[in-house]
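Let me begin by presenting the structure, written as structure tokens, before commenting on it.
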Amino acid sequence: MGKILCATRGGQASYRTQDAAIALAKELGNELVFLYVADYHFLDKTAAPIVVDVENEVVKMGEFLLLMAQERAAAQGITAQVIVRQGRLRAELVTAARELGADMIVLGRPLDREAIFDDVALQALATSLQKVTGAEVRIL
């Protein structure tokens, strides 16, 4: 039995990727782990100090979004673990994949112009992850 690591931003835009990862876990009999990376380095670029605890709020939002993903998996008969990390996406994906011994990493394909990655950047990330972790990387 292998392990699938599914990186997700959560919410409705991620349902397609989450459902595909759940289906793969069912089909292959693999464990499923959803990963949310809270990357708030964008705050480094703000000119004014932030009064609210943005870091903590982003982590809490990630935890909530992963609970929703976990419930979606449970509704389809799959028990999924959830992990929230703080940091840069690529570095946290590599660390989590290594720690978990992931056989597969699932990434979602961008659906709109506001996505973090375009197709070229996403493919470059997938190639890099596969080389560094040894896990199969699928873009769904």
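Along the sequence shown, the residues carry numbers beginning at 1. These values consider heavy atoms only, across backbone and side chains, with no hydrogens, waters or symmetry-generated copies.
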> Would you say I22 and F34 make side-chain contact, with heavy atoms under 4.5 Å?
Replying inline: yes
> Any idea which heavy atoms bring C6 and T17 closest together, and the distance?
Replying inline: SG-CG2, 4.1 Å
> Which pair of non-hydrogen atoms, one from A97 and one from L5, has the smallest distance, and what is that distance?
Replying inline: N-CD2, 3.7 Å
> Who are the side chain to side chain contact (heavy atoms under 4.5 Å, CB included) partners of D103, not counting sequence neighbours?
Replying inline: K3
> Do you know which two heavy atoms are closest between V84 and G62, and how far apart they sit?
Replying inline: CG2-C, 4.0 Å
> What pair of heavy atoms forms the shortest contact from L140 to A21, and how long is it?
Replying inline: CD1-N, 4.5 Å
>> If you define the side chain from C-beta out and look only at heavy atoms, does anything of T8 sit under 4.5 Å from L35?
In response: no
> Which pair of non-hydrogen atoms, one from N30 and one from G2, has the smallest distance, and what is that distance?
Replying inline: OD1-N, 3.0 Å
> Do the non-hydrogen side-chain atoms of V137 and V106 ever get within less than 4.5 Å of each other?
Replying inline: no
> Taking only residues at least two apart or on different chains, which pairs with a member in residues 64-74 satisfy side-chain hydrogen bond (donor to acceptor under 3.5 Å, both in side chains)?
Replying inline: Q18-R72, D19-R72
> Any side-chain heavy atom of L107 within less than 4.5 Å of one from L93?
Replying inline: yes
>> Are Q81 and L32 packed together at the side-chain level, in the sense that at least one heavy-atom pair is separated by less than 4.5 angstrom?
In response: no
>> Show me the pairs that pass salt bridge (Lys or Arg N to Asp or Glu O under 4.0 Å) and involve residues 77-86, at least two apart or across chains.
In response: R85-E92, R85-E99
Would you list the atom pairs, donor with acceptor, under 3.5 Å between side chains in residues 122-129 and any protein atom, with sequence neighbours excluded?
unit_1, atom_1, unit_2, atom_2, d
Q123, NE2, T127, OG1, 3.4
T127, OG1, Q123, O, 3.0
S128, OG, R90, NE, 3.0
S128, OG, R90, NH2, 2.8

> Mind checking whether L67 and Y15 sit in one hydrophobic cluster, side chains of I, L, V, M, F, W, Y counted as touching below 4.5 Å?
Replying inline: no
> About how many Å separate CD of E63 and CE of M68, when rounded to the nearest 0.5 Å?
Replying inline: 14.0 Å
> Just by modelled atom types, is the Q76 backbone N or O under 3.5 Å from a matching donor or acceptor in the K26 side chain?
Replying inline: yes
>> Contact between I83 and Y36 at the side-chain level, heavy atoms closer than 4.5 Å - yes or no?
In response: no
>> Working to the nearest 0.5 angstrom, can you tell me the gap between R9 CZ and D39 CG?
In response: 11.0 Å
> Closest approach of A73 and A80, non-hydrogen atoms and distance?
Replying inline: CB-CB, 4.0 Å
> Can you list every side-chain hydrogen bond (donor to acceptor under 3.5 Å, both in side chains) pair that touches residues 130-140, not counting sequence neighbours?
Replying inline: E136-R138
